[in-house]
Amino acid sequence: METNTSQISKNFFGTSEQSLKEIFAEWKVETYRIHQVFTWVYHYNCRDFNEMTNLSKALRALLAENFYFSLPKIISRTHSQDGSIKYLLEMDDGAEVECVWMPSDTRKTLCISTQVGCRLNCSFCLTASLGLKRNLTTAEIIGQHLAINAELQESEQISNVVFMGMGEPLDNYDSVVEALRLMISPQAMKISTRKVTVSTSGLVDRMKNFQNENLSINLAISLNASDNATRDRLMPINKKYPIEVLIDCLKKYPLKPQRRHTIEYVLLAGINDSDDDAQRLAKWLRGVPCKINLIPFNSFDSSEYKPPSKERVLKFQNYLIEQHYSAFVRYNRATDILGACGQLAAQSAMSAPS
Ligand code: SF4
């Protein structure tokens with residue numbers, strides 16, 4: 001076995017199978033050993049190479065010299081009346097992001113972040129007020145799942161993951177794709193592709209790349225308007241990728257049998273919730289394999305927008321159902337603890353001394 005230890009020590013979490021293959025080849029260690037190490041780390045939660053007793057002492061020493069284990073630190077937990085828990089996590093450099101764990105009878109879903117802040121500047125989103133501080137690394141993305149699962153009881157373990165926290169996942173493309181590969185790898189985190197959803201504001205070029213990654217991950221598209229003028233105002237990315245371009249991409253996007261895209265539509269009173277909006281939305285989505293999630297806006301102090309009335313929400317939904325769409329009303333979880341889209345970390349950052 002070669003003992004070239006010239007590499008800089010790096011976080012084992014987030015290290016891809018591919019880069020381990022290259023490292024092990026350089027060390028002249030058999031590739032099947034990667035599976036053994038992954039089993040220790042991801043299936044037995046082992047965080048000490050010396051405890052990996054089916055590896056040689058020399059390989060254990062080499063791994064310990066070249067890798068360390070670091071997970072985000074949980075710095076606060078806020079419990080919602082609906083059973084959700086909002087976590088604020090601190091990264092090694094002090095950056096903070098949020099995650100929300102949401103239990104239901106059938107699943108335990110974790111909403112994770114991909115960036116510290118976001119640069120897409122959607123006008124209804126509190127995270128946007130932070131701007132983009134930096135991208136999260138692959139280790140920091142999967143680390144949110146690993147750190148939170150480590151403190152949950154057996155019956156509370158995370159079953160589903162949604163990339164809908166702070167940041168635009170496809171704006172941090174490489175780290176997100178590597179994180180997804182580790183999440184769905186049978187050797188690593190072993191999460192079914194059906195149980196992972198990536199939300200995007202519609203970065204069409206990145207969506208085209210993403211479809212070629214062969215990940216079979218569900219996409220949720222944050223649409224939120226039925227005409228370009230309104231979407232330009234709500235989501236400035238629309239000026240680059242207007243609705244017709246986005247819809248065209250969705251129509252051509254290859255999907256596995258039985259899979260559909262999710263269309264997310266945040267309903268804002270008097271902005272995008274009229275009967276005309278519902279009709280235009282139904283027209284746009286004709287021919288797109290999708291279900292529609294209608295999300296009544298969760299207002300926050302500095303927001304110019306208000307939530308729609310229940311009657312308006314139901315009328316909007318009923319029209320879509322009449323047009324043969326699967327349309328659901330999804331109330332934001334954990335609204336009493338600022339659970340929607342980046343609100344806790346944004347609030348924490350805004351109240352921190354500058
Ligand atoms: S809604 Fe999503 S994409 Fe838009 S600013 Fe907020 S985090 Fe970014």
Revision key, fill the gap. By salt bridge (Lys or Arg N to Asp or Glu O under 4.0 Å), E90 pairs with (sequence neighbours left out) K73
Check your understanding: Does a side-chain heavy-atom distance below 4.5 Å link I221 with Y253?
Key -> no
Study note, to complete from the structure: Across all chains, not counting sequence neighbours, the salt bridge (Lys or Arg N to Asp or Glu O under 4.0 Å) partners of R194 are none
Review point. Taking atom OG of S201 and atom NZ of K240, what is their separation to the nearest 0.5 Å?
Key: 11.0 Å
Review point. Is any side-chain heavy atom of M102 closer than 4.5 Å to a side-chain heavy atom of C111?
Key: yes
Check your understanding: Quick one: does S113's side chain have a donor or acceptor within less than 3.5 Å of a partner on E98's backbone?
Key -> yes
Check your understanding: Do any N or O atoms from the side chain of Q115 and from the backbone of E168 form a donor-acceptor pair under 3.5 angstrom?
Key -> yes
Review point. Does V245 share a hydrophobic cluster with V288, counting links as ILVMFWY side-chain heavy atoms below 4.5 Å and allowing steps through other members?
Key: yes
Check your understanding: Taking a hydrophobic cluster as the set of Ile, Leu, Val, Met, Phe, Trp and Tyr residues connected by side-chain heavy atoms closer than 4.5 Å, whether directly or through intermediates, do I263 and L267 fall within one such cluster?
Key -> yes
Review point. Is there side-chain contact between M166 and L136, with at least one heavy-atom pair below 4.5 Å?
Key: no
Check your understanding: Can you check whether N149's main-chain N or O pairs, donor with acceptor, with Q157's side chain at less than 3.5 Å?
Key -> yes
Review point. Taking the inter-plane angle between the rings of Y173 and F210 on a 0 to 90° scale, is it parallel (under 30°), tilted (30 to 60°) or perpendicular (over 60°)?
Key: perpendicular
Exercise for review: Say whether T193 and R259, considering side chains only, have a donor N or O and an acceptor N or O under 3.5 Å apart.
Suggested key: yes
**Study point:** Distance, nearest 0.5 Å, that separates CE of M52 from CZ of R60
**Key:** 10.0 Å
Point to revise | L170 with I247, same ILVMFWY side-chain cluster at under 4.5 Å | key: yes
Practice item. Identify the two heavy atoms, one from I243 and one from S226, that lie closest to each other, and give their separation to 0.1 Å. Key: CD1-C, 3.9 Å
Exercise for review: Salt-bridge test for E213 and R181: reply yes if a basic N is under 4.0 Å from a carboxylate O, no otherwise.
Suggested key: yes
Exercise for review: Would you please classify the geometry between the F297 ring and the F124 ring as parallel, tilted or perpendicular, with 30° and 60° separating the classes?
Suggested key: perpendicular
Review point. When rounded to the nearest 0.5 angstrom, what is the spacing between CG in N160 and CG in N218?
Key: 9.5 Å
**Study point:** Any donor-acceptor pair under 3.5 Å from N293 side chain to T262 backbone
**Key:** no
Exercise for review: May I ask you to test the N172-I141 pair for a side-chain heavy-atom distance under 4.5 Å?
Suggested key: yes
Exercise for review: List the atom of A147, the atom of I74, and the distance in Å for their closest heavy-atom pair.
Suggested key: O-CD1, 3.8 Å
Point to revise | Y331 and N298: CA distance, side-chain angles, deciding distance, side chain to side chain donor-acceptor pair (under 3.5 Å) verdict | key: CA-CA 8 Å; Y331 284 92; N298 179 37; over 6 Å; no
Review point. Ion pair present between R280 and D277, side-chain N to carboxylate O less than 4.0 angstrom?
Key: yes
Exercise for review: Keeping the roles fixed (side chain from K108, backbone from S104), state whether a donor-acceptor pair exists under 3.5 Å.
Suggested key: yes
Review point. More than 12 foreign heavy atoms under 6.0 Å from CZ of R33: is that the case here?
Key: yes
Check your understanding: So does Q258 have more than 12 non-hydrogen atoms from other groups sitting under 6.0 Å from CD?
Key -> no
Check your understanding: Looking only at heavy atoms, what is the nearest atom pair of A188 and H43, with distance?
Key -> O-NE2, 2.9 Å
Practice item. Report yes if the side chains of S70 and D92 come closer than 4.5 Å at any heavy-atom pair, otherwise no. Key: yes
Check your understanding: To the nearest 0.5 Å, how far apart are CG in L180 and CE in M189?
Key -> 10.5 Å
Practice item. List the steps and the verdict of side chain to side chain contact (heavy atoms under 4.5 Å, CB included) for E178 and S19. Key: CA-CA 11 Å; E178 282 308 331; S19 66; over 6 Å; no
Review point. Is the number of heavy atoms from other residues, nucleotides or ligands within 6.0 Å of NZ (K283) greater than 12?
Key: no
Exercise for review: Compare all side-chain heavy atoms of W27 with those of L63 and state whether any distance is below 4.5 angstrom.
Suggested key: yes
Review point. Okay, side chain of Q187, backbone of H35: is any donor-acceptor separation there less than 3.5 Å?
Key: no
Point to revise | Same apolar cluster: V97 and L132, side chain cutoff 4.5 Å | key: no
Practice item. Determine the minimum heavy-atom distance between L246 and G202, stating which atoms define it. Key: CD1-CA, 3.8 Å
Check your understanding: Is Y44 linked to V37 within one hydrophobic cluster, defined over Ile, Leu, Val, Met, Phe, Trp and Tyr using a side-chain heavy-atom separation of less than 4.5 Å?
Key -> yes
Exercise for review: Given side chain to side chain contact (heavy atoms under 4.5 Å, CB included), test S16 with T138 step by step and report yes or no.
Suggested key: CA-CA 9 Å; S16 66; T138 299; over 6 Å; no
Point to revise | Identified salt bridge (charged side-chain N to carboxylate O under 4.0 Å, His left out) counterpart of K315 within the set D276, D273, D275 | key: D275
Practice item. Spell out, as yes or no, whether a donor-acceptor pair under 3.5 Å connects the side chain of D248 to the backbone of E244. Key: no
**Study point:** Side-chain heavy atoms of Y87 within contact of Q144, under 4.5 Å
**Key:** no
Point to revise | Side-chain donor-acceptor pair present, N11, E140, cut-off under 3.5 Å | key: no
Practice item. Apply side chain to side chain contact (heavy atoms under 4.5 Å, CB included) to the pair I217 and M183, showing each step before the final yes or no. Key: CA-CA 11 Å; I217 295 286; M183 282 183 173; over 6 Å; no
Check your understanding: Counting heavy atoms not belonging to R134, are there more than 12 under 6.0 Å from its CZ?
Key -> yes
Practice item. For the pair F12 and Y42, name the ring-plane relationship: parallel under 30°, tilted 30 to 60°, perpendicular over 60°. Key: tilted
Practice item. Take E65 and S9 through the test side chain to side chain donor-acceptor pair (under 3.5 Å) and record every step on the way to the result. Key: CA-CA 7 Å; E65 277 169 38; S9 181; over 6 Å; no
Exercise for review: Taking R231 for its side chain and L223 for its backbone only, find out whether a donor-acceptor pair lies under 3.5 Å.
Suggested key: yes
Review point. Looking just at side-chain N and O atoms, do Q18 and E22 make a donor-acceptor pair shorter than 3.5 Å?
Key: yes
Study note, to complete from the structure: CD1 of I158 to NE2 of H145, rounded to nearest 0.5 Å, is 4.0 Å
**Study point:** Inter-residue atom distance Y265.OH - I292.CD1, 0.5 Å rounding
**Key:** 10.0 Å
Exercise for review: Report yes if the side chains of E264 and M164 come closer than 4.5 Å at any heavy-atom pair, otherwise no.
Suggested key: yes
Check your understanding: Ion pair present between E151 and R77, side-chain N to carboxylate O less than 4.0 angstrom?
Key -> yes
Review point. Which atom names give the shortest non-hydrogen contact between R330 and P296, and what distance separates them?
Key: O-CD, 3.5 Å
Exercise for review: List the steps and the verdict of side chain to side chain contact (heavy atoms under 4.5 Å, CB included) for L182 and F38.
Suggested key: CA-CA 10 Å; L182 284 166; F38 270 19; 4.0 Å; yes
Study note, to complete from the structure: Between F13 and V41, the two heavy atoms sitting closest are CE2-CG1, 3.7 Å
Review point. Does the S123 side chain pair with the main chain of R233, one donor and one acceptor, at a distance under 3.5 Å?
Key: yes
Point to revise | N135 side chain to S175 side chain, donor-acceptor N/O pair below 3.5 angstrom | key: no
